Amino acid sequence: SELSGIHPGKVSLTLFPVFAIAFLLGWFFFNGKQLPRLSKPRSFFNLLPLIPVLGTGVLILIFKVPGWFALLLSTSGYAVFRRRYLLKTLKQVFNKWDVFLVLFLVYIYKVIVEHSGVGEGIAAEFVRWNLSPWILLIFLPLVSGISTGITQAAVGISLPVLMEVFSSKYAVYTYMFAVGGVILSPVHLCVVLSAKFFEVEVFDILKKVFLPLVLTLILGALVLGVIL
């Protein structure tokens, strides 16, 4: 939004069909044709787990609170409601000390990527190849996302280059393909931590998401082509 000059609300609205496609394909691939079953909650307290999720989003989007502080406030509020289980939960968290180690190492990688000029080198290499602008629009953010595993870095690397070739309305393509690359990245923080927590291989996760992700990017690009 900052780099393209497009309002965040418009970016979100434009990308909403892509979100819908991703949701439907994800549901089909991982749940089949089974429809979700909704039932009335037996108690208001059954809805308390929604507080950290919804509260964090409201604090960030509406009150413009920094992400880390919004998450701290939401989880602290949730901990007050569920204080009976707080000590047990903290014990379980600290038993996963190796997850904290992975988190620390991934952030070291993030800092190295952001300050070593790796991303800028990738962008420069793509430009030197004199590729078609449309190939550049797809593969520059995609490769930047895969290599960095960081959405902000992938968009920050790709968008300035692509804005020299395309109008600002094509920024949504950059964001979509950058996020696609990040999801396929073996150094993406969410993938690494999920694999560590559930004790599975990173590439087993990537193999499962590969086909629905590719279909999402193809259909998303077609839908954005109609919208734009």
Side-chain angles (χ1 to χ4, degrees), residues 1-16 18-19 22-23 41 44-116 118-119 141 144-145 147-160 171-172 174-176 178-183 185-198 202 205:
S1 178
E2 291 285 341
L3 293 172
S4 64
I6 304 174
H7 191 275
K10 186 175 181 180
V11 174
S12 299
L13 190 62
T14 304
L15 287 171
F16 181 79
V18 181
F19 160 76
F23 177 83
F44 168 77
F45 289 99
N46 291 339
L47 298 176
L48 287 179
L50 292 175
I51 292 177
V53 179
L54 298 179
T56 303
V58 168
L59 288 171
I60 293 173
L61 295 176
I62 298 178
F63 295 101
K64 309 301 181 183
V65 175
W68 68 269
F69 191 54
L71 187 59
L72 177 63
L73 290 175
S74 296
T75 51
S76 298
Y78 181 69
V80 170
F81 281 106
R82 306 285 285 182
R83 54 186 175 274
R84 281 195 306 168
Y85 306 98
L86 182 60
L87 291 177
K88 180 181 178 181
T89 302
L90 287 175
K91 184 179 178 181
Q92 291 175 342
V93 168
F94 286 113
N95 281 339
K96 293 284 184 179
W97 61 269
D98 51 338
V99 174
F100 289 97
L101 178 60
V102 171
L103 181 65
F104 175 70
L105 293 174
V106 169
Y107 268 96
I108 288 179
Y109 173 81
K110 175 179 180 291
V111 172
I112 292 173
V113 165
E114 289 178 342
H115 291 85
S116 64
V118 171
S144 298
S147 60
T148 63
I150 305 163
T151 304
Q152 299 94 321
V155 174
I157 290 165
S158 309
L159 200 53
V172 290
T174 306
Y175 184 81
M176 183 182 71
V179 170
V182 168
I183 293 173
S185 174
V187 292
H188 180 207
L189 181 59
C190 297
V191 174
V192 173
L193 290 182
S194 297
K196 191 68 179 175
F197 186 85
F198 292 106
V202 168
I205 296 176

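Everything numeric here is computed off the predicted structure, so don't read it as measured data. All residue numbers refer to positions in the sequence shown, counting from 1.
Within the model, atoms CZ of F198 and CG of L193 stand 11.0 Å from one another, a figure rounded to the nearest 0.5 Å. In this structure, CD1 on I205 lies 12.5 Å from CD1 on I183, to the nearest 0.5 angstrom. In this structure, the separation between CD1 on I157 and CD1 on I150 is 8.5 Å, given to the nearest 0.5 Å.
In plain terms, the two heavy atoms of V182 and G149 that are nearest each other are CG1-O, 3.6 Å. Here the closest non-hydrogen pair linking V192 and P186 is CG2-O, 3.4 Å.
Using a 4.5 Å heavy-atom cutoff, the side chains of L15 and Y175 are in contact.
Checked by atom type and distance alone, the side chain of S185 never pairs as donor or acceptor with a backbone atom of G181 at under 3.5 Å.
No donor-acceptor contact under 3.5 angstrom links the side chains of S158 and T174, judged on distance only.
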